[in-house]
Visitor: 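Structure below; questions to follow.
Keep in mind it's a predicted model, so treat the numbers as computed, not measured.
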Amino acid sequence: GLFLEKLEKYRIRSGDWYWESTNIWRREFRLRLNNKICLKDWLILQLQGIEDLELHELQEQDVNYFANELVRVGSSQLKFLGIHGCRDALNPSAESKRQRQEESANDMQSNELILEDNANISNTLFLEKLEKLELRSINIERIWRNQVAAMTCGIQNLTHLTLYNCMNLRCLFSSCTVSNNSFVRLQYIRIEKCHVLEELIVVDNQEEERKNNIVMFPQLQYLKMYDLEKLTSFCTGDVHMLEFPSLKELWISRCPEFMVRFKRTTNDLTKKVFPNLEELIVDAEYIITNKFIFSEDLLCKLKCLDVEFVDELTTILSLDDFLQRFPTLKVLQIEGYSDWLPKEKVENGMEVIIRRVFRCYDLKYILKQESSIMNNLVILHVTNCHRLINLVPSSTSFQNLTSLEISYCNGLKNVLTFSIAKTLVRLREMKIESCAMITEIVLADDDDDHDAAKDEVIAFSELNELKLLNLKSLRSFYSGNRALNFPSLERLLVDDCTNMKGFSRGELSTPVLHKVQLNRWDEACW
């Protein structure tokens, strides 16, 4: 009774939905099924007007019913289609497994009706304007059986494709569906937890003689392949049939079989397949350890390298050999536990992110040997690395560093030496938080006891903000006799440093600092 065909714009959601704010309004219908809401109770008679359609918690019979509805009424205006199966249906009980074994073997394949051509082409599902397709927890072996099916679904306008937890999916495309400019606008592919997926593209026999001339995805910019334990390759046969000329971000993680095969062809692959790659996300064992498989040519062009420790047996004492490969390194972020870190973009340089370091039990140093690799570093953030006992050698120079953050590193007793502190001429912000063993930030050396030390000055010329938070063992910022100069310091926050007796022993200059904040949550507490 809503007469949807007369509404120019609407947003209708039934079920347990999170309402995100957006300024883009179009005809949207989203339905989450439960024990009170059944798909067949909702006669979707106005599908031809819907632009954004998303259905959640579909059972197998719901998928078939919905597919038939799409074919029956048509949906020429549909731009986004999301089909999310019922996750419980993918882990059935023993009784339900027995029942399904007694059913017809064709029942599972009937799910291919979602985007499958029928014998009668006139009744085929036609999604002329479809831009985004998302399938989650759906039992399908293929999305498009052949080129006719793909073209009649209007995939030439598809820009985004997401597949998650499609347990029976064995391949993404056949070579005939991706040839002849079928996916010319595809920009984004994300595939996760499809545990029987073996390859992205299966080469048809009739395509064999043409395979070296195929350029598959001319506009693809983002490709994520995550937790695909059976994946062995991009495609069957010759790997050189694939090229991603516009790919900017590549994410390959928890795909062990793929990486084994990738290692044998990496030199040719990285030059031809990824000529413009800017960001690479990959398991640490394939780039930090002796299993290193990526060419130097590929890494030198990157703007961001994001690596994660997956294997808890990884043995690394320091990151010396790894970091030496990146002469343009400007941002280094090391995280012990989190899956995600915000990116810190810098011009004319590279960012390296290392995540889940807690799995690397032996990592005690970022750098153990003297190196000039830190000279160009602009940002250094290290958190949740409890086994670190020292960051870098005392001779290290941080002459371009502007931001230093160290937190939750319970093995550290100090952060900087006197010689390192002298090089921090461009440091603008420093934050040291929740490091249980730190007793001082700048370590006093043996020369501090000499009278001559009183005439020396450690100048943090550009430091504007200094935060010392939850440092239970901290006794002072610096316990030596040298003078400290903070000509630009405007904000000093010292919170929950219960053993701190004083800031330093020597002369202290803070000409523009007027207050010290004593509570991070209350700026009125000075």
Visitor: Which atom names give the shortest non-hydrogen contact between L377 and V331, and what distance separates them?
Guide: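 It is CD1-N, 3.8 Å.
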Visitor: State which residues pass salt bridge (Lys or Arg N to Asp or Glu O under 4.0 Å) with E249; sequence neighbours excluded, sorted by chain then number.
Guide: none
Visitor: For residues L169 and L172, report the shortest heavy-atom separation together with the two atoms involved.
Guide: CD2-CD1, 4.5 Å
Visitor: Run the side-chain contact (heavy atoms from CB on, under 4.5 Å) test on E51 and F80 for me, step by step, so that the C-alpha distance in whole Å, both residues' side-chain angles and the decisive distance to 0.1 Å come before the verdict.
Guide: CA-CA 6 Å; E51 295 176 307; F80 172 79; over 6 Å; no
Visitor: State the NZ-CD distance between K303 and E278, to the nearest 0.5 angstrom.
Guide: 4.0 Å
Visitor: Between K224 and E192, does at least one N-O distance fall below 4.0 Å, as a salt bridge requires?
Guide: yes
Visitor: For L163 versus C194, what's the shortest heavy-atom pair and its separation?
Guide: O-SG, 4.2 Å
Visitor: Is there a side-chain contact (heavy atoms from CB on, under 4.5 Å) between I406 and V382 once you walk through the steps?
Guide: CA-CA 5 Å; I406 310 294; V382 182; 3.9 Å; yes
Visitor: Quick one, F234 and M225 - any side-chain contact, counting heavy atoms below 4.5 Å?
Guide: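 They are in side-chain contact.
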Visitor: Using the salt bridge (Lys or Arg N to Asp or Glu O under 4.0 Å) criterion, which residues pair with D321? Sequence neighbours excluded.
Guide: none
Visitor: Hey, are the side chains of F398 and V392 touching, using non-hydrogen atoms and a 4.5 Å cut-off?
Guide: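 Of all side-chain heavy-atom pairs linking V392 with F398, at least one is under 4.5 Å.
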Visitor: Are M167 and N165 close enough that some pair of their side-chain heavy atoms sits under 4.5 Å apart?
Guide: yes
Visitor: Just verifying a value: how many Å separate L401 CG and N376 CG, rounded to the nearest 0.5 Å?
Guide: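 If we round to the nearest 0.5 Å, L401:CG and N376:CG are 11.5 Å apart.
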Visitor: Between OH of Y188 and OH of Y222, what distance do you get to the nearest 0.5 Å?
Guide: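 Between atom OH of Y188 and atom OH of Y222 there are 4.5 Å.
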Visitor: Can you tell me how far apart CG (L31) and CZ (R13) are? Round to the nearest 0.5 Å.
Guide: 12.5 Å
Visitor: Measure the CG-CG distance between N157 and L186 for me, rounded to the nearest 0.5 Å.
Guide: 11.5 Å
Visitor: Please evaluate residues S371 and L323 with respect to the criterion side-chain contact (heavy atoms from CB on, under 4.5 Å), reporting the C-alpha separation (whole Å), side-chain torsions for both, the decisive distance (0.1 Å), and the verdict.
Guide: CA-CA 10 Å; S371 172; L323 294 177; over 6 Å; no
Visitor: What residues, two or more places apart in sequence or in another chain, satisfy salt bridge (Lys or Arg N to Asp or Glu O under 4.0 Å) together with K330?
Guide: none
Visitor: Parallel, tilted or perpendicular: which fits the ring planes of W251 and Y226, with parallel below 30° and perpendicular above 60°?
Guide: perpendicular
Visitor: Going through the checks in order, is the side-chain contact (heavy atoms from CB on, under 4.5 Å) test met by L228 and F258?
Guide: CA-CA 9 Å; L228 308 174; F258 178 89; over 6 Å; no
Visitor: Output all residues satisfying salt bridge (Lys or Arg N to Asp or Glu O under 4.0 Å) with K132, sequence neighbours left out; order by chain, then residue number.
Guide: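 So K132 forms no salt bridge (Lys or Arg N to Asp or Glu O under 4.0 Å) with any residue.
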Visitor: For Y408, what residues pass the side chain to side chain contact (heavy atoms under 4.5 Å, CB included) criterion, not counting sequence neighbours?
Guide: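 Here the qualifying residues are T383, N384, H386, E433, S434.
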Visitor: Is any side-chain heavy atom of I334 less than 4.5 Å from a side-chain heavy atom of L319?
Guide: yes
Visitor: Is there a donor-acceptor pair closer than 3.5 Å between any side-chain N or O of T402 and the backbone N or O of V378?
Guide: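 Pair found, side chain donor or acceptor close to backbone of V378.
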Visitor: Taking atom CG of L81 and atom CG of D52, what is their separation to the nearest 0.5 Å?
Guide: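 CG of D52 is found 9.5 Å from CG of L81.
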Visitor: Where do N400 and N375 come nearest, in terms of heavy atoms and distance?
Guide: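 Scanning both residues completely, I find the closest heavy atoms to be ND2-O, 2.8 Å.
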Visitor: Could you check whether any side-chain heavy atom of L332 comes within less than 4.5 Å of a side-chain heavy atom of I366, counting everything from C-beta outward?
Guide: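 With C-beta onward as the side chain, the pair touches.
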Visitor: Tell me whether D283 contacts the main-chain N or O of V310 through its side chain, where contact means a donor paired with an acceptor under 3.5 Å.
Guide: no
Visitor: Can you name the residues that form a side chain to side chain contact (heavy atoms under 4.5 Å, CB included) with N276, not counting sequence neighbours?
Guide: K248
Visitor: Over all heavy atoms of both residues, which pair between K9 and R27 is shortest? Give the atoms and the distance, please.
Guide: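 In this case the closest contact between K9 and R27 is CA-CG, 4.1 Å.
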Visitor: Just by modelled atom types, is the V184 backbone N or O under 3.5 Å from a matching donor or acceptor in the Q219 side chain?
Guide: yes
Visitor: Within 45 degrees of the ring normal and closer than 6.0 Å to the centroid, is that where the cationic atom of R356 sits relative to F309?
Guide: no
Visitor: What is the minimum heavy-atom distance between F322 and I354, and which atoms define it?
Guide: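 Of all heavy-atom pairs spanning F322 and I354, the closest is CE2-CD1, 3.8 Å.
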Visitor: Is it true that E131 and R185 have a side-chain N and a carboxylate O under 4.0 angstrom from each other?
Guide: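 R185 and E131: not salt-bridged.
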Visitor: Please examine the side chains of H84 and E134, heavy atoms only from C-beta on, and report whether any two atoms are closer than 4.5 Å.
Guide: yes
Visitor: Below 4.5 Å, heavy atoms only, C-beta onward: do I281 and E308 meet side chain to side chain?
Guide: no
Visitor: Would you call E335 and I353 a side-chain contact if the rule is heavy atoms closer than 4.5 Å?
Guide: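 No, every pair of side-chain atoms sits at 4.5 Å or beyond.
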